[in-house]
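Before any comments, here is the structure.
If you're wondering where the values come from, they're calculated on a predicted model, not measured in any experiment. Note on naming: letters A, B, ... go to the chains in the order of the sequence lines (proteins, then strands), and numbering restarts at 1 for each one.
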Number of protein chains: 2
Amino acid sequence: MTEHTSPGRPGRWRSGAQSRQRVLDAARELFQRNGYAGTTVRAVATEAGVDPAMVFYFFGNKQGLFAAAVDMSAQLPPAIDAIFDGGLDGIGERVVRTLLENMDKSERAPLAILTRSGPGDDQTETLLRQYIDREITGRLAALLDTPDAALRAGMVNVQLLGLAVARYVVRVEPIASASVDELTTRLGAVVQHCLTGSAS
Amino acid sequence: MTEHTSPGRPGRWRSGAQSRQRVLDAARELFQRNGYAGTTVRAVATEAGVDPAMVFYFFGNKQGLFAAAVDMSAQLPPAIDAIFDGGLDGIGERVVRTLLENMDKSERAPLAILTRSGPGDDQTETLLRQYIDREITGRLAALLDTPDAALRAGMVNVQLLGLAVARYVVRVEPIASASVDELTTRLGAVVQHCLTGSAS
DNA sequence: GTCTATAATTAGATAGAC
DNA sequence: GTCTATCTAATTATAGAC
């Protein structure tokens, strides 16, 4: 009974952690749906079931909230690592399937949030660019030793961005409703060809 | 000297046409850069060098301005028609090259505006979806007579959306700086394979 | 930590003079 | 057609009680 707000020793999780988490979840959902400017901290607070002032208490200001929402330090590294552990063989299908399964799972994928958002001109797009470069392009290019490794990896970025936008942002048919297996087979082959196929 | 504001017979172009055009140009640029909610009509008016009230005079409200900015009736039909006139042979390269040349020309492409915008949930994305369905998917699928025609056309949508987003929205390297010829060759082959290649 | 004000700013939209 | 002035509503952000 003396543990619920004791400052030094957390009785549960310092008692504000779950509120903070709910705010983050709500922020990811709304930023993804309505973009940065289209999302109000009031709406986030309402969605999270807390007071608007709490959001500022936790994250300082709206930009801080956004930064926390799209921060993906140690977000999906387990799945991503598994993609590259198998080497080049069959990597096309693995990368497509991983992307699909992660985004279908409706864990708010930073990819979708960043694609639909953008505070000013630079902030968000730079973030997304760096994320793609670091997490995808860099690791893919490292597996190749051809002189056009960067371009081949870039072609894969086109495939993955296109898939994400077509299926989750624009929701164009029949891509939006296609099964994970179908897309994995078809786009996986394309990705594989971009990486290991003969240059045309 | 009696012609500058005569209502029935336009002496020049009813004298407000160029203002309207400047507003539209400014709107396209700002909507593309900052999205719908991130763009204020005041900013559009300032960019266009007119008074904010003029924007409402011309377009009624902000949504009307947006609708006019992304309206692409008879926008680029000449170029698009040329893609399909040549039949299936080499259509991959033609569609990629046409897209690149049109968007590089920095004519505010509705594709870029719509990709970065989205008033609420539905309005814009529905518009973009319908545009893609009508202008690309439909015409591509019509050229094919395989049972998976729709899926093949959908795969092309993934390629084109991915290219547009990677090169013009996120500007990820080396796609953003690659030459039109390089991209046309590489992605054209992929698109061609998606359409006429053997199903894997 | 959580909530109740409330300050300060800004946005969309309108009325009306010229 | 174009501009000035203004109204209304919503938003970010803060101060402070509990």
Side-chain angles (χ1 to χ4, degrees), chain A residues 1-24 26-27 30-31 33-69 117 119-120 123, chain B residues 1-27 30-31 33-69 117-120 123:
Chain A
M1 322 312 191
T2 61
E3 65 179 8
H4 51 309
T5 37
S6 60
R9 184 185 168 281
R12 203 56 176 170
W13 268 331
R14 291 297 291 276
S15 102
Q18 69 273 32
S19 287
R20 192 190 150 98
Q21 189 58 43
R22 287 216 309 277
V23 170
L24 271 179
L30 293 183
F31 279 136
R33 277 223 310 267
N34 308 109
Y36 179 82
T39 300
T40 69
V41 318
R42 294 169 117 87
V44 171
T46 302
E47 176 84 13
V50 304
D51 193 272
M54 289 256 14
V55 179
F56 293 104
Y57 172 76
F58 280 131
F59 303 100
N61 54 24
K62 191 180 174 180
Q63 280 208 58
L65 172 63
F66 184 81
S117 302
Q123 195 114 13
Chain B
M1 311 328 189
T2 61
E3 63 179 7
H4 51 309
T5 36
S6 60
R9 184 182 168 283
R12 201 57 175 172
W13 269 329
R14 294 295 291 277
S15 102
Q18 68 272 34
S19 287
R20 192 188 150 99
Q21 189 57 44
R22 286 218 308 279
V23 170
L24 272 180
D25 288 340
L30 292 184
F31 279 136
R33 277 224 309 268
N34 307 110
Y36 180 82
T39 299
T40 69
V41 318
R42 295 170 119 88
V44 170
T46 301
E47 176 83 13
V50 303
D51 194 273
M54 289 256 14
V55 179
F56 292 105
Y57 172 76
F58 280 131
F59 303 100
N61 54 23
K62 190 181 175 181
Q63 281 208 59
L65 172 63
F66 184 81
S117 302
Q123 196 114 11

Between C:dT2, D:dC3, C:dC3, which one does the side chain of B:A53 approach most closely? D:dC3
Closest-nucleotide ordering on DNA chain D, the 5'-leading residue of B:R20 and B:R42: B:R20
Distance-minimising heavy-atom pair for B:A69 and B:F31: CB-CD1, 4.1 Å
Which one, C:dG12, D:dT14, C:dT4, comes nearest to the side chain of A:D51? C:dT4
Classify the nucleic acid contact of A:F59 as base, sugar-phosphate or nothing, counting any heavy atom under 4.0 Å across all strands shown. nothing
Could you give the CD-to-P distance, from B:Q63 to C:dG12, as a whole number of Å? 12 Å
Euclidean distance, atom CZ of residue B:R22 to atom P of D:dT2 [Å, nearest integer]: 9 Å
Are any of B:S19's side-chain N or O atoms less than 4.0 Å away from OP1 or OP2 of D:dG1? no
In whole Å, I'd like the distance from the CZ atom of B:F56 to the C1' atom of D:dC7. 13 Å
Could you check how far CE of A:M54 sits from C1' of D:dG16, rounded to whole Å? 15 Å
Kindly determine whether B:R22 and B:V50 satisfy side-chain contact (heavy atoms from CB on, under 4.5 Å), including the steps that lead there. CA-CA 9 Å; B:R22 286 218 308 279; B:V50 303; 4.0 Å; yes
Checking all strands, does A:N61 fall into the base, sugar-phosphate, or nothing category for heavy-atom contacts under 4.0 angstrom? sugar-phosphate
Kindly compute the distance separating CG (A:D51) from OG (A:S19), expressed to the nearest 0.5 Å. 11.0 Å
Starting from P on C:dA5, measure out to OH on A:Y57 and report it in whole angstrom. 21 Å
Return the nearest nucleotide to the side chain of A:V41; candidates are C:dA13, D:dT12, D:dT4. D:dT12
Donor-acceptor contact below 3.5 Å, side chain B:K62 vs main chain B:F56: no
